[in-house]
Amino acid sequence: MLDEITDCAVSGRLQEIFLKDGDYRKLSETEKEAAVSCYRELPEEYHDLVESLMECHSSCCGKLIELAYKQGMKDCARLLEELNLK
């Protein structure tokens, strides 16, 4: 049950939080600029390889964020249970 609740919370909430965070938006823009620069500098035959690497890295980071968020919610639920506040 807790996994279902955390899945629901993660699905849209994190994106809302990221979009409101100035530091995240700045980092995202810097990343975009670096990607554009990378494509300009590399020969075209490497574009697919770099894009694959970036997609893999993005997926790994996304999964890490999801796992950390879910674990935080589980820890919070356990703490509330231990404090008899559930």
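- In this structure, SG on C60 lies 10.5 Å from NZ on K63, to the nearest 0.5 angstrom.
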L67 vs Q71, test: side-chain contact (heavy atoms from CB on, under 4.5 Å). Steps then yes/no.
CA-CA 6 Å; L67 291 171; Q71 187 60 50; over 6 Å; no
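- Contact of the C76 side chain with the L80 side chain is registered, since non-hydrogen atoms from C-beta on lie closer than 4.5 Å.
- More than 12 non-hydrogen atoms from other residues, nucleotides or ligands lie less than 6.0 angstrom from CD of E45.
- Separating the CD atom in E66 from the OG atom in S59 is a distance of 11.0 Å, to the nearest 0.5 Å.
- In this structure, the side chain of S52 does not engage the main chain of D48 through any donor-acceptor pair within 3.5 Å.
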E82 and R78: CA distance, side-chain angles, deciding distance, salt bridge (charged side-chain N to carboxylate O under 4.0 Å, His left out) verdict:
CA-CA 6 Å; E82 287 177 15; R78 284 189 195 105; over 6 Å; no
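- A 6.0 Å sphere centred on OH of Y39 holds more than 12 heavy atoms belonging to other residues, nucleotides or ligands.
- Both I65 and Y24 belong to a common hydrophobic cluster when Ile, Leu, Val, Met, Phe, Trp and Tyr are linked at side-chain heavy-atom distances under 4.5 angstrom.
- In this structure, E33 and E29 have side chains that are in contact, with non-hydrogen atoms separated by less than 4.5 Å.
- When hydrophobic clusters are built by joining Ile, Leu, Val, Met, Phe, Trp and Tyr residues whose side-chain heavy atoms come closer than 4.5 Å, directly or via intermediates, L49 is not grouped with L53.
- With rounding to the nearest 0.5 Å, the separation of CG in D75 from CE in M73 is 11.0 Å.
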